[in-house]
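Within every chain, numbering begins at 1; the chains are lettered A, B, ... in the order of the sequence lines, protein sequences first and strands thereafter. The structure presented is a predicted model; accordingly, all values stated were derived computationally and were not measured.
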Amino acid sequence: MTSTLIDLETRHVNKHYGDFTAVNNVSLKIEKGSFFSILGPSGCGKTTLLRMIAGFDEPDSGDILIQGDSMLGVPPNKRPANMVFQHLALFPMMSVAENVAYGLKQRKVQAAEITKRVNNALESVDLGDSGNKRISQLSGGQKQRIAIARCLVLEPKLLLLDEPLGALDLKLREHMKVELKQMQSRVGTTFIYITHDQSEALVMSNNIAVMNKGSFEQVGSPSDLYYHPETAFTAGFVGDANQWQASVSHIENGVCTAKVSDGLTLTGHINPNDALQTGDLVDVFVRPEAIKIIADHTSQNDQQSNQVDCIVIDLLFNGANSTALLKETISNKELHVALPQTGEYSGLQKGQTITIAWNPEQTHCFKVVS
Amino acid sequence: MKAQSRLFFYLLLTPFFLWLLLLVILPHIDMLGIALREQTAPRQYAFSFSNFSEFFKEPLYWRTFLRTAIMSIVATALTLLIAFPVSYYIAKMLRGRSKSLLFLLCLIPFWVSELVRTYGWMILLRETGVISNALQWLGLVSGPVELLYNDAAIMVGLVYTSMLFMVVPLVTVLESLSDDIIEASYDLGGNMWTTMKNIVIPHAMPGIVSGCIIVFMMTLGNYLTPNLLGGKDSLWFTEQIYTQFITRFNWELGSAFGILLLLLSSLIVWLGLKLTKQTLTSTMAS
Amino acid sequence: MKNFKLKKLLLSSLVGAALFSSALSAEELRLLTWGGYAPDDVIELFKKETGIDVKVTKSNNEDMISKLRATGGSGFDLVQPSQDRVTGAQENYDIYKPMDLSKIKAESFIASMLEATKTNTTLNGDVYSVPHIWGTSGLVVNTAAAKDVKDYTDLCSADLSGKVSYRLKRPTLIGFAFAMGEDPFAAYSDVEKYTELMSKVEAKLVECKPVVKTYWTGGDALLNLLRSGEVTASMAWDTGGWKLNKENKDITFVAPTSGALGWIDTFTLPRKTKNEEAAYKWINFVMQPEIAAQITASAGNFTASEGADAFADDVLKAQFQASFPKEALDNVKWYPPVPAGLEAIEGKVLDRVKAAK
């Protein structure tokens with residue numbers, strides 16, 4: 001029953017540049033037909049990993065297999081993987097059609113066959129009539145599509161994408177996210193997408209690997225990562241979060257109580273991987289949308305056992321993503337709180353003192369590794 | 001305000017136009033005038049095409065002319081062939097300090113004058129020179145070998161003198177080619193040769209053409225190198241011009257030769273641009 | 001302290017400026033001549049005596065004529081072409097100015113030489129030159145390696161293959177013509193005869209070409225070739241041979257059996273000379289015997305100065321006597337004036353020799 005095909009597997013891959021460890025013991029398996037993202041800040045090693053998969057770099061140790069075949073020593077032009085480059089790397093000296101035909105020509109496909117497949121590829125990205133254009137005549141989004149079509153026409157087993165949306169303006173980027181996701185599910189090719197933009201990863205991927213300092217922090221579905229982060233890094237990097245550091249004073253049933261400072265104690269879920277003891281330092285995370293504003297700070301709510309008083313510093317209107325910037329009165333920490341645009345909070349004023357509360361269920365505590 | 005800025009613009013351009021007029025256009029008109037006359041008696045001159053007909057009647061002159069053109073083309077091609085891998089290595093393979101070091105190495109020969117450089121080659125190539133002695137010491141030859149005074153020595157000297165003028169435009173143009181594009185070619189199945197042919201060379205074409213134009217012009221107009229390194233059979237057209245002007249006192253024929261050389265170089269550059277589908281402006285911009 | 005320094009600086013720059021401007025205003029003689037003809041110590045002495053600065057530009061016959069032709073005879077105050085190259089150039093290009101012989105101290109010259117030069121440089125009744133330095137060209141031979149080379153045509157011997165060098169210039173044509181038993185000077189005035197003679201020489205030079213290592217162009221390059229032994233027999237000036245003789249006893253100047261070619265370099269005024277007076281002063285100054293001997297030491301050739309022999313270097317005198325026994329000296333062929341237009345005939349011959357395979 002578990003006959004799912006694995007398109008890409010890496011086994012304990014390491015890569016060092018001098019003293020610097022770029023990729024540290026990374027193992028992963030990617031199922032056929034999935035949209036897999038590697039998410040991490042710049043310098044985390046994700047580009048190095050992708051370049052090793054493409055064949056531009058060789059790992060120092062470990063193995064990379066595409067559909068079960070080891071790729072060690074196989075040059076990039078012999079690997080069944082194609083790459084969409086960060087700056088697309090379209091060939092400016094060729095027309096659009098010549099760009100798409102390039103890979104087929106290298107494979108010595110018959111001329112008539114090339115014409116047919118190039119036309120199909122251009123049709124499939126809605127650029128059927130642009131074959132004779134120069135690259136410089138295309139818009140940003142069209143270039144994007146040509147870069148992808150140029151790879152897909154070769155029917156690769158893997159399509160590697162190196163932050164290809166980075167250079168686009170915001171509106172086009174939002175549009176391309178959806179388009180890429182739809183294109184992937186239509187063609188069924190395995191996409192491996194690297195990005196530092198969590199929203200790109202969350203929107204498009206079936207699975208995401210969060211990468212930090214050369215290692216994978218957590219691999220999982222977008223909602224897994226969002227709701228059940230396993231490390232403090234994931235909790236902080238994926239989605240927005242408010243964060244405190246606190247000292248554990250009480251542990252019970254997977255829930256801990258921790259003291260931020262005098263008069264401010266927070267309760268939250270302990271990460272199951274952490275062996276936590278009383279007195280340990282923890283990072284406490286809570287998402288802006290998990291916090292509820294109790295406009296009248298005298299009323300009590302037993303469900304929301306974490307409760308603090310804040311002063312409204314600013315109201316950041318951004319449609320559905322509007323937030324309030326608050327200062328918590330005891331530790332002076334700045335907090336973001338989601339403001340659902342339901343009219344409920346329209347009376348909120350700068351300088352007003354309010355009480356906010358949230359549930360320990362949505363509070364995550366991670367042991368601080370010193 | 002607008003009139004003032006226009007005046008300023010013309011003032012800025014004046015030195016250039018003066019230079020063009022006084023040092024480029026007028027001397028050439030004067031040269032053409034001299035080329036189109038003939039001495040009839042002491043201090044007497046008359047209009048005539050005889051200098052040009054003399055060029056075509058005397059096989060020595062047009063053979064030298066052709067020989068110079070062909071050798072210049074060969075020297076340009078050789079320079080390109082050697083300079084291209086060097087430039088590619090400098091522009092694409094090296095980083096940081098070693099890059100500037102290698103670039104500097106290409107520049108060092110130009111810290112001394114052409115004469116000194118040419119004498120350097122003479123010291124290496126002559127019968128009692130460094131290479132001849134080294135070959136004897138290694139036992140590869142039994143007696144002294146003369147490597148100087150032949151066309152190969154001229155070629156070596158010309159290519160050596162021209163290297164930098166080919167390397168500079170090539171490095172510039174190759175540096176402007178993003179590594180991504182080369183990698184993309186490999187990624188799509190290209191190998192070294194197809195990548196060179198389809199990606200690198202088309203991209204570098206403006207640099208290749210501008211380098212070739214400079215080197216060709218320099219080689220065609222070179223006087224010292226063919227003269228000093230060439231043997232008893234070495235014939236170079238600039239030498240012929242020099243001889244007409246200086247030793248034969250025949251300014252008329254010398255001017256005619258000068259005009260012909262100018263036409264030849266313009267023609268070959270024009271042909272080169274046509275063949276490579278480049279324009280002079282795109283080439284000079286690179 | 002600082003102030004003092006500043007004052008010193010100002011003062012020294014003022015002095016410097018004054019010196020510089022005085023240098024500019026000083027009288028100057030612009031001399032276009034051959035290397036070694038105006039040595040620094042002589043210029044120094046001249047300046048001490050007359051206050052005139054001499055600015056020297058080194059050159060050769062063709063270059064002198066070309067320079068003066070380009071400027072119409074200006075840019076220099078005194079030039080030193082060979083006597084055979086004065087009248088032809090004057091007739092064609094009008095670049096010289098007749099000499100005022102009354103300004104010249106005739107008694108400082110060897111009389112016969114002065115007369116010969118005057119005759120040779122007279123055009124339309126005007127005398128253009130007086131003699132300065134004379135010498136010959138012939139063979140410079142490494143006698144140990146090429147002892148059989150006695151005449152120009154011996155340079156064609158197959159035994160010397162790859163060891164011979166000469167110039168592709170008119171002296172080579174003239175020398176070969178004499179060695180082939182012809183008299184080119186006698187044919188100077190007859191264009192047809194001269195052309196025919198030159199084509200014979202051309203055939204000979206083409207025939208000899210395989211023996212030649214290289215046609216030399218610069219004197220220093222030839223001396224190096226002889227020094228290193230790469231060339232053992234050559235055609236060159238007498239001074240070159242004597243210079244090498246001091247380093248290597250085997251190498252010396254040999255007067256060819258058909259006669260060494262004698263030349264006399266002159267003093268001639270360019271048409272637009274700006275300082276004629278200084279030019280005459282210089283001529284009279286350097287023709288004094290002691291000064292002339294100093295110039296001989298520097299140039300390596302003897303001058304037309306009467307009595308300078310007494311002051312000349314003994315080594316040079318010995319070398320001269322070894323190269324020129326009495327009959328060789330009598331046999332020297334002195335260049336007569338070159339008629340205008342001969343260069344064109346010779347030029348084509350030289351071109352064809354160079355192009356021949």
Side-chain angles (χ1 to χ4, degrees), chain A residues 17 47 50-57 74-95 98-109 114 118 121 134-135 143 146-156 158-164 166-167, chain B residues 80 84 87-89 91-99 169-212 273-279 281-283 285-286:
Chain A
Y17 294 106
T47 301
L50 195 75
R51 288 175 61 82
M52 287 194 286
I53 298 168
F56 297 122
D57 288 321
V74 179
N77 52 359
K78 299 277 192 300
R79 294 193 183 192
N82 290 114
M83 182 140 151
V84 177
F85 287 79
Q86 188 167 9
H87 301 291
L88 305 179
L90 294 172
F91 304 135
M93 62 291 281
M94 301 179 193
S95 70
E98 285 167 338
N99 263 275
V100 178
Y102 186 78
L104 295 171
K105 273 189 193 152
Q106 305 308 314
R107 291 186 185 175
K108 310 250 186 299
V109 176
I114 290 180
V118 167
R134 308 301 303 175
I135 295 300
K143 284 183 189 167
I146 294 302
I148 294 166
R150 184 172 77 170
C151 294
L152 289 181
V153 76
L154 298 173
E155 294 165 358
L158 296 177
L159 184 69
L160 313 172
L161 301 103
D162 183 4
E163 304 202 40
Chain B
L80 177 64
F84 196 86
S87 310
Y88 190 82
Y89 189 72
K92 288 280 149 220
M93 310 288 210
L94 294 178
R95 294 279 172 271
R97 187 186 283 190
S98 46
K99 185 177 195 153
L170 284 182
V171 166
T172 314
V173 79
L174 287 173
E175 271 183 336
S176 74
L177 176 64
S178 133
D179 290 349
D180 278 0
I181 293 194
I182 297 170
E183 282 181 348
S185 167
Y186 280 103
D187 188 68
L188 293 169
N191 56 34
M192 198 171 93
W193 295 115
T194 54
T195 304
M196 275 292 156
K197 182 174 137 250
N198 296 309
I199 311 293
V200 180
I201 291 177
H203 176 89
M205 213 29 134
I208 292 174
V209 174
S210 73
C212 285
L273 288 172
K274 279 280 156 248
L275 285 176
T276 54
K277 300 194 182 76
Q278 299 287 317
T279 64
T281 33
S282 76
T283 303
S286 83

Quick one: pull up [atom1] in [X] and [atom2] in [Y] and give me the separation to the nearest 0.5 Å.
X: A:Phe91; Y: B:Leu188; atom1: CZ; atom2: CG; answer: 5.0 Å
X: B:Leu177; Y: A:Met93; atom1: CG; atom2: CE; answer: 6.0 Å
X: A:Met83; Y: B:Tyr186; atom1: CE; atom2: OH; answer: 15.5 Å
X: B:Thr194; Y: A:Tyr102; atom1: OG1; atom2: OH; answer: 4.5 Å
X: B:Asn198; Y: A:Glu98; atom1: CG; atom2: CD; answer: 9.5 Å

Most contacts with chain B, counted as non-hydrogen pairs under 4.5 angstrom, among A:Val84, A:Leu154, A:Asn82
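The residue among A:Val84, A:Leu154, A:Asn82 with the greatest pair count is A:Asn82.
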Hey, which of A:Met94, A:Arg150, A:Arg107, A:Arg79 has the most heavy atom pairs under 4.5 Å with chain B?
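It is A:Arg150.
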By a 4.5 Å heavy-atom criterion (distance strictly below it), what part of B:Ser178 contacts chain A: side chain, backbone, both, or neither?
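Nothing of B:Ser178, per the 4.5 Å heavy-atom cut-off to chain A.
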A:Asn77 side-chain N/O to B:Gly190 backbone N/O, donor-acceptor pair under 3.5 Å:
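At least one qualifying donor-acceptor pair exists.
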So which part of A:Leu88 gets closer than 4.5 Å to some heavy atom of chain B, the side chain, the backbone, both or neither?
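No part of it gets close to chain B.
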Quick one: what part of A:Ala147 sits under 4.5 Å from any heavy atom of chain B, side chain, backbone, both or neither?
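For A:Ala147, there is no contact with chain B at all, as no heavy atom is under 4.5 Å.
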For B:Arg95, does the CZ atom have more than 12 heavy-atom neighbours from other residues, nucleotides or ligands under 6.0 Å away?
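Yes, enclosed.
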Once salt bridge (Lys or Arg N to Asp or Glu O under 4.0 Å) is applied, what residue pairs with a partner in residues 182-192 of chain B remain, sequence neighbours excluded?
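Qualifying pairs: A:Arg51-B:Glu183.
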Pairs involving residues 195-208 of chain B, ordered by first then second residue, that meet salt bridge (Lys or Arg N to Asp or Glu O under 4.0 Å) (sequence neighbours left out)
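Found none.
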With a 4.5 Å limit on heavy-atom distance, are the side chains of A:Pro75 and B:Asn191 in contact?
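Answer no - side chains too far apart.
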